[in-house]
Undergrad: 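Handing you this structure, nothing more for now.
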Amino acid sequence: MSIVSFISGGLLLTGGIVLIIGSIGLVRFPDFFTRLHAASVVDTLGVMLMIAGLIPLAGFSLATLKLFLILVFVLLTSPTAGHALAKAALHGHLKPELDTQEKGQA
Amino acid sequence: MLTAALVAIMVSMLIALWRALAGPSVYDRLLAVNTFGTITVLFIAVYGFFTERPDFLDIALVYALINFTGTIAVLKFFEYGDMGYGRETETGEVES
Amino acid sequence: MDDAIINLGLLTMLAITALAVIRVQDLFAVAMLMGIFSLICAGFFVTLDAVDVAFTEAAVGAGISTLLVLSTLAITKREQSSRPRFRPVALLTVVLTGLLLVYATWDIHPYGDMSSPVHQHIGKRYLQESSEHTGIPNVVTSVLASYRGYDTMGELTVIFTAGVGVILLLGRSRKAAVNVDDEDDSRGTS
Amino acid sequence: MWMMKTIAGEHHNAGRAELAMESNLVLRITAKMLMPFILLFGLYVQFHGDFGPGGGFQAGVIFATGIILYGLVFGLDNLRELVPSGLVRIVSASGLLLYIGVGVVSMLKGGSLLDYNLLSHDPVHGQHLGIFLVELGVGMTVAAVMTNMFILFARP
């Protein structure tokens, strides 16, 4: 096992674990804003790790440039979409579930 | 190792799909759709390397660029009930 | 083996999404679920090596189709008008047709089989000679634009006609459309 | 779970305009940064379709999506200023005309309709030129029709 495939394998595995953790958070967290937080883990860290894991496999070619562009665009659009979502949800009267509020009124 | 990554991606796709189906509010569904899109970008990119056909990266690139538009469209529609909205707020706070 | 697992997973998700699209009443949510449906479809086409089809699905499904569905919803209504009733005859028909289709798939050659009829006639020639004939490496492009030029011209005419139809329906008589909207509202509130 | 419920039936009043998408600075700047890349990628798909995946239809759709993104974020009036309806109609018609024109030119040169071999002195070069022009026509029509559809459907 060469050092390149070792590095890329490690990054891909870590990325996969991050993806699964993030999406579990997307399902398990109690309200929209915390779910947004979990999804942002997938959108940023997961994508970064995965693409970083693929770049060593691509070597130095056009594919590397495309991977890099994918990374840039996802990192540009996903947080913006998250921001727009959070803003819209807040103005759409979706209240964050706060710790100070009483529990057990469900 | 690519196989493991693919399996992880598919598992997280399934979990994100769950939230899209269950999501109580529109925002939850939209968030899940957005995340699902990001994961699909990764799926296509990784699958391209899995079968050693980097042509697939073009498709992933299209999704990375265009997914955003769908999210914005849904948000805009949900806020106004229609797509077109005037431009009285286009007063030059950014343009000037 | 890996391919089988991946295809199975994708098809399962496709089926779940399709069922959800049928069940959900809010057409707005359906528009979003259709977005997911198209994402899974594109992934599935990628696993079938159909790069151009996946590309089309990606370009159309992620952007334009959601946009057009949503703007149609803006003109019409957000909710499905009536809850579908249970109709045993319809269910029986659908199940029978589905079983017939499944039965028909047994005659299809396996994916990638060289002895299947598709690869016996002209397809082989396209794959082998189109690059020399047209000087273009992408066979799909050369078949669509050159060998099947008439078909593509017809398709383009269809798209153009659709555009003309939309212009004729919505472009001129905006006043009439607004009146229809008002009627709808008054009916909804009364 | 009661906190998560949206207050349904709350109608959008005029005061919400200030919370609107048009005034969302982050969104506007991102859209501004993203739009040239979408348009550029559309052109890449259009003119690289001979070698990679894609072609006229996909390119037209991507191009239209880029234009529509502008309309979504900056408002429909700005979009109509950017793409006047006359321009859209002319482009959508001239794409189809370009396609048919290529066929007619090959007819005038003594062949049958859409026989690209006669477009140039060399058959292979003629094929390449014909496919290029035809795909350009497809892209023009698709982009214009999609943009026009969105504009007409979205008009408030």
Side-chain angles (χ1 to χ4, degrees), chain A residues 5-6 8-13 15-28 31-33 35-36 38-40 42-44 46-47 50-51 53-54 57-58 61-67 69-78 80-82 84-89 91-92 94, chain B residues 1-20 22-28 30-39 41-46 48-50 52 54-58 60-72 74-76 78-79:
Chain A
S5 62
F6 188 72
S8 100
L11 285 169
L12 282 175
L13 265 192
I17 292 167
V18 167
L19 281 189
I20 292 179
I21 290 174
S23 40
I24 288 175
L26 187 64
V27 170
R28 292 281 300 159
D31 77 333
F32 170 74
F33 295 93
R35 283 178 207 142
L36 188 65
S40 69
V42 175
D43 283 346
T44 53
V47 173
M50 278 279 177
I51 302 280
L54 288 178
L57 292 180
S61 62
L62 187 63
T64 319
L65 179 68
K66 281 180 186 165
L67 281 172
L69 283 178
I70 290 172
L71 180 62
V72 168
F73 289 135
V74 170
L75 286 189
L76 193 65
T77 55
S78 283
T80 311
L85 261 170
K87 204 171 174 183
H91 295 315
L94 200 64
Chain B
M1 211 45 72
L2 283 171
T3 319
L6 270 181
V7 170
I9 287 172
M10 297 216 19
V11 169
S12 48
M13 268 167 118
L14 255 179
I15 304 174
L17 184 62
W18 183 357
R19 176 48 70 199
S25 73
V26 169
Y27 305 107
D28 287 299
L30 195 50
L31 180 66
V33 172
N34 202 26
T35 309
F36 199 90
T38 311
I39 300 174
V41 169
L42 287 179
F43 174 81
I44 294 172
V46 173
F49 281 89
F50 181 66
E52 293 170 354
D55 276 0
F56 293 157
L57 284 180
D58 276 350
L61 198 50
V62 172
Y63 269 131
L65 279 169
I66 283 182
N67 221 354
F68 182 61
T69 314
T71 309
I72 298 305
V74 176
L75 274 182
K76 177 149 193 177
F78 194 64
E79 285 206 2

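Letters A, B, ... mirror the listed sequences (proteins, then strands); counts begin at 1.
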Undergrad: Quick one: CH2 on B:Trp18 to CZ on A:Arg28, what's the gap to the nearest 0.5 Å?
TA: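 If I round to the nearest 0.5 Å, the distance is 8.0 Å.
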Undergrad: Using a 4.5 angstrom heavy-atom cutoff, name the option from A:Val42, A:Ile21, A:Asp43 with the most pairs to chain B.
TA: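 Most heavy-atom pairs within the cutoff with chain B belong to A:Asp43.
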Undergrad: Is there side-chain contact between B:Leu42 and A:Ile51, with at least one heavy-atom pair below 4.5 Å?
TA: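 They are in contact (side-chain heavy atoms under 4.5 Å apart), so the answer is yes.
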Undergrad: Under 4.5 Å heavy-atom distance to chain B, tell me which part of A:Ile24 shows up: side chain, backbone, both or neither.
TA: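 Looking at A:Ile24, backbone and side chain both touch chain B.
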Undergrad: So B:Leu31 and A:Leu26, do their side chains get closer than 4.5 Å, heavy atoms only?
TA: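 SC-SC contact between A:Leu26 and B:Leu31 confirmed.
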Undergrad: What's the separation between atom OG1 in A:Thr77 and atom CD1 in B:Ile66, rounded to the nearest 0.5 Å?
TA: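 Rounded to the nearest 0.5 Å, the OG1-CD1 separation comes to 11.5 Å.
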Undergrad: Looking only at non-hydrogen atoms, find the nearest pair between A:Ser23 and B:Ala16 and report the distance.
TA: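 Scanning both residues, the minimum pair turns out to be CB-N, 4.4 Å.
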Undergrad: Which distance, rounded to the nearest 0.5 Å, do you find between the CG of B:Leu30 and the CZ of A:Phe32?
TA: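 Nearest 0.5 Å value for the CG-CZ distance: 7.5 Å.
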Undergrad: Please identify, among A:Val72, A:Leu71, A:Leu54, A:Leu12, the residue contributing the most non-hydrogen atom pairs under 4.5 Å to chain B.
TA: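 Ranked by heavy-atom pairs under 4.5 Å with chain B, first place is A:Leu54.
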Undergrad: Are B:Phe49 and A:Leu67 side-chain neighbours, meaning at least one heavy-atom pair lies under 4.5 Å?
TA: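 Side-chain contact under 4.5 Å: yes.
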Undergrad: Roughly how far, to the nearest 0.5 Å, is the CG atom of A:Asp31 from the CG atom of B:Asp28?
TA: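 The CG atom of A:Asp31 is 8.5 Å from CG of B:Asp28, to the nearest 0.5 Å.
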Undergrad: So what's closer than 4.5 Å to chain B heavy atoms on A:Ala58: side chain, backbone, both or neither?
TA: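 Both backbone and side chain of A:Ala58 come within 4.5 Å of chain B.
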Undergrad: Could you measure the distance from the CG atom of A:Leu62 to the CG atom of B:Leu57? Nearest 0.5 Å is fine.
TA: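 It is 8.5 Å, given to the nearest 0.5 Å.
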Undergrad: For B:Ala60, is it the side chain, the backbone, both, or neither that has a heavy atom closer than 4.5 Å to a heavy atom of chain A?
TA: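 Both backbone and side chain.
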Undergrad: Compare every heavy atom of B:Leu75 with every heavy atom of A:Ala88, then report the nearest pair and how far apart it is.
TA: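 Distance-wise, the nearest heavy atoms are CB-CD2, 3.5 Å.
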Undergrad: With only heavy atoms counted, which part of A:Leu13 is less than 4.5 Å from chain B, the side chain, the backbone, both or neither?
TA: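 For A:Leu13, side-chain heavy atoms alone lie under 4.5 Å from chain B.
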Undergrad: Using a cut-off of under 4.5 Å for heavy-atom pairs, which of B:Val41, B:Leu2, B:Ile39 has the most such pairs with chain A?
TA: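 Answer, by heavy-atom pair count under 4.5 Å with chain A: B:Leu2.
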Undergrad: Measuring from B:Tyr27:OH to A:Leu36:CG, what's the distance to the nearest 0.5 Å?
TA: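 Taking OH in B:Tyr27 and CG in A:Leu36, the distance rounds to 12.5 Å.
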Undergrad: Hey, which of B:Val7, B:Thr71, B:Asp58 has the most heavy atom pairs under 4.5 Å with chain A?
TA: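 Option with the top pair count is B:Asp58.
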Undergrad: Could you tell me which of A:Val47, A:Val74, A:Leu69 has the largest number of non-hydrogen atom pairs under 4.5 Å with chain B?
TA: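 That would be A:Val47.
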Undergrad: What are the two closest heavy atoms between A:Ile20 and B:Ala8, and how far apart are they?
TA: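 Where A:Ile20 meets B:Ala8 most closely, the heavy atoms are CG1-O, 3.7 Å.
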